[in-house]
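Remarks on the structure that follows.
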Amino acid sequence: MGSREDLLEGAKRCLSERGYARTTARDIVAAAPGTHLASIGYHYGSKEALLDAALMEAIAELSDLLAQLSTEDPRRLPDAWQRSLAEFDEHKPLLIAHVEAWSQIQRSPQLREQFARLHAGQVAKGVERTQAVRPGLDADTARAVTTVSGALADGLIVQWLIDPEQLPSGHQIAAGLRALADMIDTADD
């Protein structure tokens, strides 16, 4: 690995251990042996640009993990949600950094663009996964499933950060979704 990649990996480690706001340039360099402070500016322009790049990559990796957990056995969706929820504790600093970054996207066009690219990529992967699990599903419906699942996951992250004791279980999530679907079906008749 070169210095650029080492810095990115070091920044990802710092995000996982310290979060975005508490990570310094010195922390990143310490987590990336063989690098120095000036290499951050040379390769990324700023500590913030490096942390943004690391955050996008780390979020994409976590999103892929959660998506994999949720599509292992689609017949057992409540269990899949429960496995996903269990990952929150292990990734708490990263999830906090993720939520912190959301608050900045309206003030940072560059960060907003990075999130938009990340979201588009995750939706495209989600559509593929959804259609692999449900082959007869058309692309628009697979996209709807993906984006609604993503919005649900994001909401669960925020709820978990606010009050983890009140987080619904995987089975409660499934029951709530079933009840909502019944209400929608009834309203359409």
Side-chain angles (χ1 to χ4, degrees), residues 1 4-23 27-28 31-32 44 47-74 76-105 108 110-133 142-164 166-170 173-174 177:
M1 239 186 322
R4 182 177 176 81
E5 295 82 14
D6 291 340
L7 286 168
L8 188 64
E9 290 303 314
K12 285 173 24 184
R13 275 193 296 283
C14 289
L15 285 170
S16 292
E17 294 167 7
R18 304 178 58 81
Y20 191 103
R22 296 189 48 183
T23 296
D27 293 331
I28 296 169
Y44 290 92
K47 175 193 84 164
E48 290 75 18
L50 169 56
L51 283 174
D52 291 349
L55 181 62
M56 294 304 118
E57 192 167 299
I59 291 168
E61 291 168 359
L62 180 56
S63 294
D64 288 344
L65 170 66
L66 297 178
Q68 178 185 357
L69 292 173
S70 69
T71 56
E72 285 176 353
D73 183 357
R76 301 295 312 151
L77 201 53
D79 295 334
W81 275 104
Q82 196 61 44
R83 286 190 302 273
S84 294
L85 296 173
E87 291 292 323
F88 287 7
D89 281 327
E90 184 176 334
H91 301 283
K92 186 174 187 173
L94 175 60
L95 293 173
I96 291 169
H98 188 180
V99 172
E100 288 172 341
W102 286 341
S103 69
Q104 298 304 310
I105 61 174
S108 171
Q110 182 180 10
L111 185 60
R112 185 176 180 163
E113 174 60 30
Q114 288 176 321
F115 265 107
R117 278 195 313 269
L118 173 67
H119 183 258
Q122 293 305 111
V123 169
K125 287 180 185 178
V127 168
E128 287 179 20
R129 285 187 192 105
T130 301
Q131 287 181 312
V133 171
R143 186 179 195 292
V145 167
T146 299
T147 57
V148 169
S149 296
L152 178 59
D154 289 343
L156 289 167
I157 289 167
V158 172
Q159 186 176 353
W160 170 75
L161 289 171
I162 293 169
D163 188 358
Q166 296 301 313
L167 193 67
S169 69
I173 293 167
L177 290 172

Is it the case that the side chain of Y44 and the backbone of R4 share a donor-acceptor pair, with hydrogens and angles ignored and the cut-off at 3.5 Å? yes
Nearest heavy-atom pair of T23 and G19: which atoms, and what distance? OG1-O, 2.6 Å
Looking at I105, is its backbone amide N or carbonyl O close enough to the side chain of S108 to form a donor-acceptor pair, meaning the two atoms are under 3.5 Å apart? no
Give the intermediate values and the outcome of side chain to side chain contact (heavy atoms under 4.5 Å, CB included) for residues D52 and Y20. CA-CA 9 Å; D52 291 349; Y20 191 103; 2.7 Å; yes
Show me the side-chain donor-acceptor pairs of residues 87-95 shorter than 3.5 Å, one per line, residues at least two apart or across chains.
unit_1	atom_1	unit_2	atom_2	d
E87	OE1	H91	NE2	3.2

Pair up each side-chain donor or acceptor in residues 54-66 with any protein partner under 3.5 Å, not counting sequence neighbours, and list the distances.
unit_1	atom_1	unit_2	atom_2	d
E57	OE2	K12	NZ	2.8
E61	OE1	K12	NZ	3.4
E61	OE2	K12	NZ	2.8
S63	OG	I59	O	2.9
D64	OD1	Q122	NE2	3.3
D64	OD1	K125	NZ	3.3
D64	OD1	R129	NH2	3.3
D64	OD2	K125	NZ	3.0

Closest heavy-atom pair and its distance - L111, A101: CD2-O, 3.6 Å
Would you give the length of the straight line joining atom CG of D154 to atom OG1 of T147, rounded to the nearest 0.5 angstrom? 11.0 Å
Do S169 and L85 have side chains that approach each other closer than 4.5 Å (heavy atoms only, starting at C-beta)? no
Please round to the nearest 0.5 Å and tell me the distance separating atom CD1 of I28 and atom CZ of R18. 10.0 Å
When rounded to the nearest 0.5 Å, the distance separating CZ of R13 from CG of L15 is 11.0 Å
For atom CZ of R143, decide whether the heavy atoms of other residues, nucleotides or ligands shown that lie under 6.0 angstrom number more than 12. no
Name all residues meeting the side chain to side chain contact (heavy atoms under 4.5 Å, CB included) criterion together with D163; count only those two or more places apart in sequence or in a different chain, and write none if there are none. E165, Q166
Got a second to check how far I96's CD1 is from R22's CZ, nearest 0.5 Å? 10.0 Å
Drop me the distance from Q131's CD to T146's OG1, to the nearest 0.5 angstrom. 8.5 Å
Could you state the interatomic distance from CG (L69) to CD (Q82), rounded to the nearest 0.5 Å? 11.5 Å
Report the C-alpha distance between R117 and Q114 in whole Å, list the side-chain angles of each, state the deciding distance to 0.1 Å, and finish with yes or no for side chain to side chain contact (heavy atoms under 4.5 Å, CB included). CA-CA 5 Å; R117 278 195 313 269; Q114 288 176 321; 3.5 Å; yes
